[in-house]
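Order of listing sets the numbers, starting from 1, for every ligand and every atom in it.
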Amino acid sequence: MSEETIKLNIKRQENNETQPYWEEFEVGYRENMNVISALMDIQTNPVNAKGQKTTPVTWDMNCLEEVCGICSMVINGGARQSCTALIDQLEQPITLEPMATFPVVKDLQVDRSFMFEGLKRVQAWVPIDGTHDLGPGPRIPEKKRQTSYELSKCMSCGVCLEVCPNVNDNSGFMGAAAISQVRLFNLHPTGSMNKDERLEALMDEGGIAECGMAQNCVQACPQGIPLTTSIAAMQRESSFHMFKSFFGSDQEVE
Ligand code: FES
């Protein structure tokens, strides 16, 4: 077994009300380790770099393949998923911090409810009237399908909110993820029945008007979703919706 060790510096916090502190750890190196496997080693043997017994570090994980987004944290200063953060590709000591945009539950685990509330506000779903077999849905033009597929890759990880300067304690800005999901569900033939409600939610407080076009979201999105294109498209649609409502026109314009 290799004697090589991995050095980690982890920002710890008992809960959102207590002061954070840093604790250093060293774990044995194995090939192909990721941040989560290092954290699991600490969990198995919670002893810090000074050799003192400590409490196991808390974090969230689920799919382990960058699909669910729950393991997001700030690794060496950048928000990303810890399950795909390979130790061999990280400079040491590896610093791990919780995402700062969300309240800390404990250590690296955060409460992302704010983001999910945004998705609820914009009705980021296609309503169905039962769980029975509804048969094949309407055909979707290929170009639209391709766009929808890209937008559907959003895993609600929260990275776009973490990097956005306009998502903070003083602003109710819902962030790019919810705006992009409005675009996705408004493109869907059935989902578009609730298009107006979604656009109105976007035009409400904390909606699209709060976006300062910093463009950090599109650079940080781990799925490469064209978030700024979505924001621009939704700005156009909500302006048109406002215009249409003002003049009382029911006519759809493509
Ligand atoms: S555990 Fe699901 S994205 Fe990392």
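- When each of N168, I179, L161, I208 is paired with F173, the side-chain contact (heavy atoms from CB on, under 4.5 Å) condition holds for I179 and for no other.
- Side-chain contact check for D41 and T44: no donor-acceptor pair (N or O, by modelled atom type) lies under 3.5 Å.
- Between the side chains of T84 and E66, at least one donor N or O sits under 3.5 Å from an acceptor N or O.
- Closest heavy-atom contact between I231 and A176: CD1-CB, 4.1 Å.
- Grouping the Ile, Leu, Val, Met, Phe, Trp and Tyr side chains by contacts below 4.5 angstrom, directly or via other members, places M40 with I87.
- Within a radius of less than 2.8 Å around atom 2 (Fe) of ligand 1, the protein N, O or S atoms are C63 SG, C68 SG.
- Of the N and O atoms on the side chains of Q146 and E142, at least one donor lies less than 3.5 Å from an acceptor on the other residue.
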